[in-house]
Chemist: 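Sharing a structure with you now.
Residues: numbered from 1 along the sequence shown. These numbers come from the heavy atoms of this one structure, side chains and all, not from hydrogens, waters or symmetry mates.
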Amino acid sequence: MAVASDLPPVVALVGPTGAGKSAIALEAAERCAAEIVAVDAFTVYRGMDVGTAKPSPEQRSRVPHHGLDLLEPEQECSVDWFQRVARAAVADVRGRGKVALLVGGSGLYFRAVVDPLEFPPTDPAVRARISARYRGDALRAHADLAAVDPDAAARMDPQNLRRAVRALEVVELTGRRFSDWRRAWDAFGSVYEGLRVVGVELERARLARRIAQRVDRMLAEGLVDECRRLHRRALSPTARQAIGYAEVFEHLRGRCSLADALERTTTRSRRYAARQQRWFAADPRVTWTVPEDACDAVVRAAGDPVASTGERGR
């Protein structure tokens with residue numbers, strides 16, 4: 001539940017990868033004296049710049065950015081850690097009288113920051129013990145979960161052993177059903193009063209072209225060299241599976257050509273963009289607009305957080 005506040009508003013700019021959010025946010029932030037808080041699982045990593053399209057030093061000198069270069073690639077970026085860090089950044093920005101502009105395409109990380117979500121703890125030893133108990137028998141794990149948490153079991157594929165084990169781990173660690181932790185996901189009640197969310201929407205073919213151009217630009221700006229510096233390090237699971245990096249790592253191991261790696265990056269980026277669009281389409285707070293109008297929409301939202309920023313829907 002949002003708490004009433006006299007602080008400056010929180011505005012968000014969301015949408016799929018390749019939609020041009022960073023450039024839009026930079027212009028909007030300059031116009032309304034906002035500071036940008038990145039909502040992304042990968043720009044937190046130092047040394048992962050080209051493949052994440054991280055804002056340049058020149059862009060960061062124009063507008064303060066938060067949430068960048070916080071971890072080494074060997075460190076894991078968990079959602080609950082990111083929630084704490086991003087909320088602290090928002091509080092800092094607003095405490096200095098500035099508008100906090102959240103920018104990103106990760107629906108999970110966005111909701112973790114703006115909604116009253118809790119994340120259950122984890123314990124690798126407990127999870128390993130539960131996994132060993134079932135020895136690959138997903139159906140038995142699912143049946144045991146159904147006995148203690150039928151709601152959670154009903155939401156998942158009975159063949160998905162990993163998810164069943166995770167749910168059983170939460171039950172053992174907290175004494176609460178895994179489904180209890182999910183209930184806040186079914187509502188959209190921001191912790192920030194008057195939150196306004198602007199979504200950037202593009203026609204599919206146009207977005208596909210932009211994604212292809214983005215991959216070409218990443219190559220020209222040194223993605224392969226960046227990956228060469230990283231791929232022998234003991235990267236965290238999150239860092240290692242980042243789009244573009246995972247594919248070029250395979251090329252550097254001699255398992256595919258560079259052309260194949262880039263094609264896979266483009267394909268994976270398009271699929272990820274489609275998932276992003278579906279995620280944000282389910283959020284009733286998002287007001288959609290085309291890229292050409294998005295900057296004005298953000299500025300209006302920053303000037304009056306309870307005013308309409310455009311027409312709802314598609």
Chemist: From Tyr192 OH over to Asp115 CG, what is the distance, rounded to the nearest 0.5 angstrom?
Modeler: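 Tyr192 OH to Asp115 CG: 10.5 Å, rounded to 0.5 Å.
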Chemist: Keeping the roles fixed (side chain from Tyr245, backbone from Gly51), state whether a donor-acceptor pair exists under 3.5 Å.
Modeler: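 Answer holds: yes.
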Chemist: I'd like to know if the side chain of Arg127 pairs up with that of Thr122 as donor and acceptor (distance under 3.5 Å, no hydrogens or angles considered).
Modeler: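 Short answer, yes.
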Chemist: Mind checking whether Ile24 and Cys295 have side chains closer than 4.5 Å, heavy atoms only?
Modeler: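 They are in side-chain contact.
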Chemist: Is the terminal nitrogen or CZ of Arg166 (NZ for Lys, CZ for Arg) located under 6.0 angstrom from the six-membered ring centre of Phe178 and within 45° of that ring's axis?
Modeler: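 Pair Arg166/Phe178 does not count as cation-pi.
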Chemist: Does a sphere of radius 6.0 Å around CZ in Arg162 hold more than 12 heavy atoms from other residues, nucleotides or ligands, not counting ones at 6.0 Å or beyond?
Modeler: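 No.
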Chemist: Carefully, step by step, assess Thr43 and His65 under the rule side-chain contact (heavy atoms from CB on, under 4.5 Å).
Modeler: CA-CA 11 Å; Thr43 55; His65 286 66; over 6 Å; no
Chemist: What's the spacing between Trp288 CH2 and Leu202 CG if we round to 0.5 Å?
Modeler: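 It comes to 10.0 Å.
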Chemist: When hydrophobic residues are tied together by side-chain contacts of less than 4.5 Å, even through go-betweens, does Val286 share a cluster with Leu117?
Modeler: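 Yes, it is one cluster - the side chains of Val286 and Leu117 are joined through contacts under 4.5 Å.
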Chemist: Can a donor-acceptor pair be found, under 3.5 Å and without considering hydrogens, that links the side chain of Glu30 to the backbone of Val63?
Modeler: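 Pair absent, no side-chain N/O of Glu30 close to backbone of Val63.
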Chemist: Any salt bridge between Arg155 and Asp151, counting N to O under 4.0 Å?
Modeler: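 Not counted as a salt bridge, because no side-chain N and carboxylate O are separated by less than 4.0 Å.
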Chemist: Could you verify whether a donor N or O on one side chain and an acceptor N or O on the other, from Tyr45 and Ser236, lie under 3.5 Å apart?
Modeler: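 Yes.
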Chemist: Between Arg87 and Val113, is any pair of side-chain heavy atoms under 4.5 Å apart?
Modeler: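 Side-chain contact under 4.5 Å: yes.
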Chemist: Please determine whether residues Leu108 and Leu71 belong to a single hydrophobic cluster, defined as Ile, Leu, Val, Met, Phe, Trp and Tyr linked transitively by side-chain heavy-atom distances below 4.5 Å.
Modeler: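 Yes; tracing contacts between hydrophobic side chains, which count when under 4.5 Å, links both residues.
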Chemist: Can Asn160 and His142 be said to form a side-chain contact (heavy atoms from CB on, under 4.5 Å), step by step?
Modeler: CA-CA 8 Å; Asn160 193 326; His142 187 267; over 6 Å; no
Chemist: For a 4.5 angstrom cut-off between non-hydrogen side-chain atoms, does Thr287 reach Val198?
Modeler: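 In short, these two side chains do not touch, never coming nearer than 4.5 Å.
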Chemist: Ignoring hydrogens, what is the shortest heavy-atom contact between Phe280 and Ser106? Give both atom names and the distance.
Modeler: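 Looking at all heavy atoms of both residues, the closest pair is CZ-C, 4.1 Å.
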Chemist: State whether the side chain of His66 and the backbone N or O of Val37 hold a donor-acceptor pair below 3.5 Å, judged by distance alone.
Modeler: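 Looks like no, no N/O pair under 3.5 Å.
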Chemist: Looking only at atom types and distance, does a side-chain atom of Gln83 sit under 3.5 Å from a main-chain N or O of Phe119, one as donor and one as acceptor?
Modeler: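 Side chain of Gln83 to backbone of Phe119, a donor-acceptor pair under 3.5 Å: no, none is there.
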Chemist: Look up atom OG in Ser190 and atom CZ in Arg196, then write down how far apart they are to the nearest 0.5 Å.
Modeler: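 The CZ atom of Arg196 is 11.0 Å from OG of Ser190, to the nearest 0.5 Å.
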Chemist: Is there a side-chain contact between Val10 and Arg94, using heavy atoms and a 4.5 Å cut-off?
Modeler: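 Answer yes - side chains close enough.
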Chemist: With the side chain counted from C-beta on, respond yes when Glu76 and Pro237 share a heavy-atom pair under 4.5 Å apart, and no when they do not.
Modeler: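 In short, these two side chains touch, coming nearer than 4.5 Å.
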Chemist: Is the CZ atom of Arg271 crowded by more than 12 outside heavy atoms at less than 6.0 Å?
Modeler: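 No.
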Chemist: Check for a donor-acceptor pair, side chain of Lys21 on one end and backbone N or O of Gly15 on the other, with a separation under 3.5 Å.
Modeler: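 Yes; at least one donor-acceptor contact below 3.5 Å.
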Chemist: Under 4.5 Å between side-chain heavy atoms, counting indirect links through other Ile/Leu/Val/Met/Phe/Trp/Tyr residues: same cluster for Met48 and Trp81 or not?
Modeler: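 The answer is yes; both residues are in one hydrophobic cluster.
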Chemist: Roughly how far, to the nearest 0.5 Å, is CZ of Phe249 from CG of Leu230?
Modeler: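 Leu230 atom CG to Phe249 atom CZ measures 5.0 Å (nearest 0.5 Å).
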Chemist: Taking all non-hydrogen atoms of both residues, which atom of Leu173 and which atom of Val126 are closest, and how far apart?
Modeler: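 Looks like CD2-CG2, 4.0 Å.
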Chemist: Quick one: does any side-chain atom of Glu226 pair with a main-chain N or O of Val50 as donor and acceptor, under 3.5 Å?
Modeler: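 Yes, because the side chain of Glu226 sits within donor-acceptor range (under 3.5 Å) of the backbone of Val50.
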Chemist: If you count the non-hydrogen atoms of other residues, nucleotides and ligands that lie under 6.0 Å from CZ in Arg84, is the total more than 12?
Modeler: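 For Arg84, atom CZ is crowded (more than 12 foreign heavy atoms under 6.0 Å).
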Chemist: Could you state whether Val148 and Leu139 fall into the same hydrophobic cluster, counting links through intermediate Ile, Leu, Val, Met, Phe, Trp or Tyr residues with side-chain heavy atoms under 4.5 angstrom apart?
Modeler: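 Different clusters.
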Chemist: Would you confirm whether Glu203, through its side chain, and Arg206, through its main-chain N or O, come within 3.5 Å as a donor-acceptor pair?
Modeler: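 Answer holds: yes.
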Chemist: How about Glu263: does its CD atom have over 12 heavy atoms from other parts shown lying under 6.0 Å from it?
Modeler: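 At most 12 heavy atoms, drawn from other residues, nucleotides or ligands, come within 6.0 Å of this atom.
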Chemist: What's the verdict on side-chain contact (heavy atoms from CB on, under 4.5 Å) for Arg111 and Phe188, showing C-alpha distance, side-chain angles and the deciding distance?
Modeler: CA-CA 9 Å; Arg111 292 209 60 192; Phe188 296 89; 3.5 Å; yes
Chemist: Answer whether the closest heavy-atom distance between the side chains of Asp225 and Arg228 falls below 4.5 Å.
Modeler: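 Asp225 vs Arg228: side chains touch.
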Chemist: Out of Arg60, Lys54, Arg229, which one pairs with Asp49 under the salt bridge (charged side-chain N to carboxylate O under 4.0 Å, His left out) rule?
Modeler: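 By the salt bridge (charged side-chain N to carboxylate O under 4.0 Å, His left out) criterion, Asp49 pairs with just one of Arg60, Lys54, Arg229: Lys54.
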Chemist: Between atom CG of Leu219 and atom CZ of Arg214, what is the distance when rounded to the nearest 0.5 Å?
Modeler: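 Between atom CG of Leu219 and atom CZ of Arg214 there are 14.0 Å.
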Chemist: Taking NZ, NE, NH1 and NH2 as the nitrogens, is one of them in Arg264 or Glu250 under 4.0 Å from a carboxylate oxygen of the other?
Modeler: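 Salt bridge flag = no for Glu250 with Arg264.
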Chemist: Show the nearest heavy-atom pair for residues Glu74 and Ala234, with the distance to one decimal.
Modeler: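 Smallest interatomic distance, heavy atoms only, reads CG-O, 3.1 Å.
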Chemist: From Arg275 CZ over to Trp279 CH2, what is the distance, rounded to the nearest 0.5 angstrom?
Modeler: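 Separation between the atoms: 11.0 Å.
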Chemist: Please report the closest heavy-atom contact between Val90 and Ala100, naming both atoms and the distance.
Modeler: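 Smallest interatomic distance, heavy atoms only, reads CG1-CB, 4.0 Å.
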Chemist: Evaluate the criterion side-chain contact (heavy atoms from CB on, under 4.5 Å) for residue pair Val215 and Leu223; output intermediate values, then yes/no.
Modeler: CA-CA 9 Å; Val215 173; Leu223 176 63; over 6 Å; no
Chemist: Please check if atom CZ in Arg135 has more than 12 non-hydrogen atoms from other residues, nucleotides or ligands closer than 6.0 Å.
Modeler: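 Open: at most 12 neighbouring heavy atoms sit under 6.0 Å from CZ of Arg135.
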Chemist: Minimum heavy-atom separation for Leu161 to Ala141, with atom names?
Modeler: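 Residues Leu161 and Ala141, closest heavy atoms: CD1-CB, 3.7 Å.
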Chemist: Hey, any chance Val79 and Val170 share a hydrophobic cluster, counting ILVMFWY side chains that come within less than 4.5 Å of each other, even indirectly?
Modeler: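 No; tracing contacts between hydrophobic side chains, which count when under 4.5 Å, never links both residues.
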Chemist: Which heavy atom of Leu102 sits nearest a heavy atom of Val39, and at what distance?
Modeler: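 Here Leu102 and Val39 meet closest at CB-CG2, 3.9 Å.
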Chemist: Are Leu26 and Pro55 packed together at the side-chain level, in the sense that at least one heavy-atom pair is separated by less than 4.5 angstrom?
Modeler: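 No, every pair of side-chain atoms sits at 4.5 Å or beyond.
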Chemist: Less than 4.5 Å apart, side chain to side chain, heavy atoms only: is that true for Cys77 and Tyr109?
Modeler: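 The answer is yes, as the side chains (C-beta and beyond) meet within the 4.5 Å cut-off.
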